[in-house]
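Positions are given from 1 along the sequence. When reading the values below, keep in mind they use all heavy atoms of this one structure, side chains included, and skip hydrogens, waters and symmetry mates.
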Amino acid sequence: MRESERMDRRNSRIGRRSVLVAAGAWVALTATAQPTQAVMITQEASPGPDRPAQRADQAEQAIVQRYVRTFWGEPQLQLGTLYWPASLLEQMLLGRWCYWWQAHLLDCAVDAAHRARTPERIDRVLALARAIRVRNLTGWTNGYYDDMSWLILALERAQRLLGIRFGEAIADLRTALYAGWQPNVGAVPWRSHDDYYSTSAIGPTGIAMARSGELARAAALSEFLQTRLRDTDSGLIRDGVHEPDGRADRATPTYCQGVAIGLETELATRTGDSIHRRRASDLIAATAARLTDAGVIAAASANDSGLFMGILARYLAEAALALGDTTAANIVHASARAAWEHRAEVGDLPLFGMDWTRPVTVPDHPGTFAQLTHSSTGRAANLSRDLSVQLSGWMLLEADHRLTAAGH
């Protein structure tokens, strides 16, 4: 294994003091730079490649070229800007910190490196992981259990699929997740010292625990989802519940179904217990019936919800691969076809919409991309400059490729 792939070695780390010095120099050099010019959408999408791997590659290129930037001028650190086109301040990544968006960017980078391993892709995985740790300021962990569970899943996959060692990072995150366990409730809350128990924290934490061999705790989290958060009318999993008073958020977002399906899939394959296979199958059927449009994953919105569709696609693909669920595979394939057919193109690379069933259209009246996406015209045109929305498209196409490559 190459030395650069041993992330957990102390002598391979980049010191924060050196990063801060580099940051100061970088800010000074860019202080007088002109802001990024707004981008024009000048063409409708071409037919493009037919093969899922090639489509996933184009989605990867679009995000790498538009969003991924060197962090504070340090070549070994990279993060994603939250928007594109990005202002100078947004490119400096000094404002809003979206830990979980970066975790999903890292997870997609792992997908790409596993699809077609290259030195550049391996280096990108390392650079993204390093920069998350540095930019987070408090090391690998923070006070949000959903955030940390997304990151541990990405790092564990990088270690298992790519051979990049993240032992210390995974250990730190696992310790933090275990510390969040509330035995009187039987779950982990959304964040530290909070009484809200969200599927977005419980589901990925359960998946992480199952993959680390903590099957009893993973099964307990599955039981919590089934007994406290399952909507008996729809069969879907709700967003969360306050404990102990039982006040529930009855929304059933797509990503909640995704992580619950992912958890049941892990438990079904690791325990052999038929109850988990049945739960996964039932939830996939309920998702198909209530959260798809002509077989395509239902639209979300921008901002955080831009990631919801892609997360569901990821775990539907896992269920199709591990359990042979054809409904799950069909949803992924239909969604991938729709997202690709309805995309726009900027610079010959795809731009995905918030709704995969509608075209991303070029408005009749010319205007810049940044202006349009902040207006009602942009929403009507299905335009978004959010990294989250574009990550969902990339995640979907990688999932479509994995299924196709496996013969599903």
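- Nearest heavy atom pair, residue Q182 against residue P189, reads CG-CD, 4.1 Å.
- With a 4.5 Å cut-off on side-chain heavy atoms, D195 and E243 do not count as touching.
- Residues V110 and R157 come closest through the heavy atom pair CG1-NH1, 3.9 Å.
- Exactly one of R228, R217, R279 qualifies for a salt bridge (Lys or Arg N to Asp or Glu O under 4.0 Å) with E223. That residue is R279.
- In terms of heavy atoms, A334 sits closest to V296 at O-CG2, 3.7 Å.
- A319 approaches I261 most closely through the heavy-atom pair CB-CG2, 3.9 Å.
- Here the side chains of I237 and Q226 are in contact, with some heavy-atom distance below 4.5 Å.
- Using a 4.5 Å heavy-atom cutoff, the side chains of I63 and L391 are in contact.
- A distance-only check finds no donor-acceptor pair linking the side chain of N382 to the backbone of G353 [under 3.5 Å].
- Looking only at side-chain heavy atoms (C-beta outward), H333 and T404 come within less than 4.5 Å of each other.
- Ring-plane geometry between W340 and F352 is classed as tilted, the angle between the planes lying from 30 to 60 degrees on a 0 to 90 degree scale.
- Crowding of H408 atom NE2: a count of heavy atoms from other residues, nucleotides or ligands under 6.0 Å exceeding 12.
- Between V241 and F224, some side-chain heavy-atom pair lies under the 4.5 Å cut-off.
- Between T254 and the options T292, L236, L312, I311, a side chain to side chain contact (heavy atoms under 4.5 Å, CB included) holds for only L312.
- F308 pairs by the ring pair (Phe, Tyr, Trp, His ring centres under 6.0 Å) definition with Y255, not counting sequence neighbours.
- Nearest heavy-atom pair across L263 and L221 is CD2-C, 4.1 Å.
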>> Please determine whether salt bridge (charged side-chain N to carboxylate O under 4.0 Å, His left out) holds for the pair R133 and E168, giving the CA-CA distance in whole Å, both sets of side-chain angles, and the decisive distance to 0.1 Å.
In response: CA-CA 12 Å; R133 181 182 181 277; E168 183 180 326; 5.5 Å; no
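- Here the closest heavy-atom approach between residue Y315 and residue G258 is recorded as CB-O, 3.0 Å.
- Put simply, the side chain of L151 reaches to within 4.5 Å of the side chain of Y99, judged on heavy atoms.
- The side-chain hydrogen bond (donor to acceptor under 3.5 Å, both in side chains) test with Y83 is passed by exactly one of R96, Q91, E90: R96.
- By the 30° and 60° cut-offs, the orientation of the rings of Y144 relative to W190 is perpendicular.
- For T175, the side-chain hydrogen bond (donor to acceptor under 3.5 Å, both in side chains) test picks out no residue, with sequence neighbours left out.
- The environment of R250 atom CZ is sparse: at most 12 non-hydrogen atoms of other residues, nucleotides or ligands sit within 6.0 angstrom.
- No side-chain heavy atom of R121 sits less than 4.5 Å from a side-chain heavy atom of H114.
- When side chains are defined from C-beta on, I297 counts as touching W356, because their heavy atoms get closer than 4.5 Å.
- With rounding to the nearest 0.5 Å, the separation of CZ in R135 from SG in C98 is 9.5 Å.
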